[in-house]
Amino acid sequence: MLWYLGITESIVLSSPQVALEVDEDVRTGALAVQLIRPLSYPLYRLWTTLGERTVRFGLNVAIASLVALLFVGTIPLNLGGILLFVVELPLAFVLDFLATFLVGLGAFWLENTTGLMLIYSRLTMILGGMLIPLELLPENWQPVLQALPFASILYGPARLFVHPNLAFASQLLVRQAVAIGVLALLVTIVYRTAVKRIHAHGG
């Protein structure tokens, strides 16, 4: 449990303020400057976020591992399980980025997206299994919660780290791919609509 909590907390605490940065770019007009450059703004945000998050996650998981070692010692780990975790974790980061970027795009229609981001972060913590594995929740809730994208961000990678399983990894990979595809489509639609609003108002 302590190792599981260490991984989920490391994922949550490593998340950059993507929605806040997009919100600020929209309100200050910095986004209009970005559109002049021959570079996709969503992809620019994606790669800068992944770079920053990788460093932050590395620091967080190092400290969490040290704490877990001091309190409960080691857990059974193998190279195959670690490789599965390393493959699934970046997809969880991409999935979280798409969701927070989508929230940030709400700044085109709302004065401030802080409230939306607060709701998203709380849903991720509660429904994503941040504090406890989903197996400890009522059995009739578990299939629904595991199908939600929140679980693919926190619960899935953390469970894979503490209890490697190829079948579970395959299921998680499918859920992550579907969620990323759906969110990427939503981001594309909302972003194009938002850019049209910029051009309609003269840039």
Side-chain angles (χ1 to χ4, degrees), residues 1-19 49-50 53-103 116-183:
M1 281 292 296
L2 192 57
W3 279 96
Y4 173 90
L5 182 60
I7 297 298
T8 57
E9 288 285 354
S10 297
I11 294 174
V12 170
L13 294 177
S14 67
S15 179
Q17 300 294 322
V18 177
T49 299
L50 289 179
R53 189 160 196 176
T54 300
V55 175
R56 294 174 66 170
F57 177 79
L59 294 174
N60 288 331
V61 80
I63 295 173
S65 298
L66 180 61
V67 172
L69 282 171
L70 289 175
F71 280 93
V72 298
T74 60
I75 57 174
L77 295 174
N78 58 68
L79 181 59
I82 294 175
L83 289 176
L84 289 175
F85 174 74
V86 170
V87 169
E88 303 282 0
L89 185 63
L91 296 178
F93 287 168
V94 172
L95 182 54
D96 189 40
F97 164 80
L98 290 172
T100 52
F101 186 81
L102 190 61
V103 170
L116 289 178
M117 191 59 209
L118 181 63
I119 294 172
Y120 168 76
S121 64
R122 295 303 177 266
L123 286 174
T124 304
M125 292 178 184
I126 297 171
L127 304 181
M130 185 188 77
L131 297 177
I132 58 174
L134 299 185
E135 287 90 350
L136 299 182
L137 297 177
E139 290 186 8
N140 55 333
W141 292 11
Q142 294 178 23
V144 177
L145 294 177
Q146 290 189 27
L148 294 176
F150 308 111
S152 296
I153 297 172
L154 294 177
Y155 164 76
R159 183 185 184 277
L160 203 57
F161 182 83
V162 299
H163 185 64
N165 183 283
L166 186 57
F168 177 80
S170 301
Q171 296 172 5
L172 177 61
L173 183 63
V174 171
R175 289 196 296 266
Q176 287 179 327
V178 171
I180 288 174
V182 171
L183 281 177

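The structure displayed is predicted, hence computed values, not measured ones. Note that these values count all heavy atoms, side chains included, but never hydrogens, waters or copies made by symmetry. Throughout, numbering of the chain's residues begins at 1 and tracks the sequence.
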**Q.** Minimum-distance pair of heavy atoms, taken over all atoms of Ala179 and Pro149
**A.** CB-CB, 4.1 Å
Q | Over-ring placement of Arg159 relative to Tyr4, 6.0 Å and 45° cut-offs | A | no
**Q.** Name of the residue among Val12, Leu131, Ile7 meeting side-chain contact (heavy atoms from CB on, under 4.5 Å) with Leu154
**A.** Val12
**Q.** Closest approach of Gly81 to Pro164 (non-hydrogen atoms, all atoms of both residues)
**A.** CA-CB, 3.5 Å
Q | Interatomic distance, Leu66 atom CG to Ile63 atom CD1 [nearest 0.5 angstrom] | A | 8.5 Å
Q | Leu77/Ile75 under side-chain contact (heavy atoms from CB on, under 4.5 Å): CA gap, chis, key distance, verdict | A | CA-CA 6 Å; Leu77 295 174; Ile75 57 174; 4.1 Å; yes
**Q.** Aromatic ring proximity, centroids under 6.0 angstrom, Phe93 and Phe57
**A.** yes
Q. Can you tell if the side chain of Leu172 reaches within under 4.5 Å of the side chain of Ser152, non-hydrogen atoms only?
A. yes
(Q) Using 30° and 60° as the class boundaries, would you call the ring planes of Phe168 and Tyr155 parallel, tilted or perpendicular? (A) perpendicular
Q.
Given 3.5 Å as the limit, does a donor-acceptor pair link the side chain of Gln176 with the main chain of Leu91, or not?
A. no
Q: Kindly compute the distance separating OG1 (Thr8) from CG (Leu13), expressed to the nearest 0.5 Å.
A: 9.0 Å
Q: Work out which heavy atom in Leu2 is nearest to a heavy atom in Ala68; give both atom names and the distance.
A: CD2-CA, 3.9 Å
Q. How many angstroms lie between CD in Glu135 and NE2 in His163, if you round to the nearest 0.5 Å?
A. 8.5 Å
(Q) With rounding to the nearest 0.5 angstrom, report the CZ to CG distance, Arg175 to Leu95. (A) 11.5 Å
(Q) Run the side-chain contact (heavy atoms from CB on, under 4.5 Å) test on Tyr120 and Asp96 for me, step by step, so that the C-alpha distance in whole Å, both residues' side-chain angles and the decisive distance to 0.1 Å come before the verdict. (A) CA-CA 10 Å; Tyr120 168 76; Asp96 189 40; 2.5 Å; yes
Q) Passes side-chain contact (heavy atoms from CB on, under 4.5 Å), Ile11 versus Leu89? Steps please. A) CA-CA 9 Å; Ile11 294 174; Leu89 185 63; 3.9 Å; yes
Q: Grab the two heavy atoms, one from Ile180 and one from Val94, that are nearest each other, plus how far apart they are.
A: CD1-CG1, 4.2 Å
Q | Working for side-chain contact (heavy atoms from CB on, under 4.5 Å), residues Met1 and Ile132 | A | CA-CA 8 Å; Met1 281 292 296; Ile132 58 174; 4.2 Å; yes
(Q) Looking at every non-hydrogen atom in both residues, tell me the closest pair between Ser65 and Trp3 and how far apart they are. (A) OG-CZ3, 3.7 Å
Q | Beyond-backbone contact of Phe150 with Leu123, side-chain heavy atoms, under 4.5 angstrom | A | yes
Q | Nearest atoms (heavy-atom pairs only) where Asn140 meets Val144 | A | O-CG2, 4.5 Å
(Q) Rounded at 0.5 Å granularity, tell me how far CD in Gln171 sits from CG in Asn165. (A) 8.0 Å
Q) Should Leu134 and Gln146 count as side-chain neighbours, where that means a heavy-atom distance under 4.5 Å? A) yes
**Q.** Atom pair CD1/CG of Ile126 and Leu137 - distance to nearest 0.5 Å
**A.** 11.0 Å
Q: Give a yes or no on this: more than 12 heavy atoms of other residues, nucleotides or ligands lie within 6.0 Å of atom CD of Gln17.
A: no
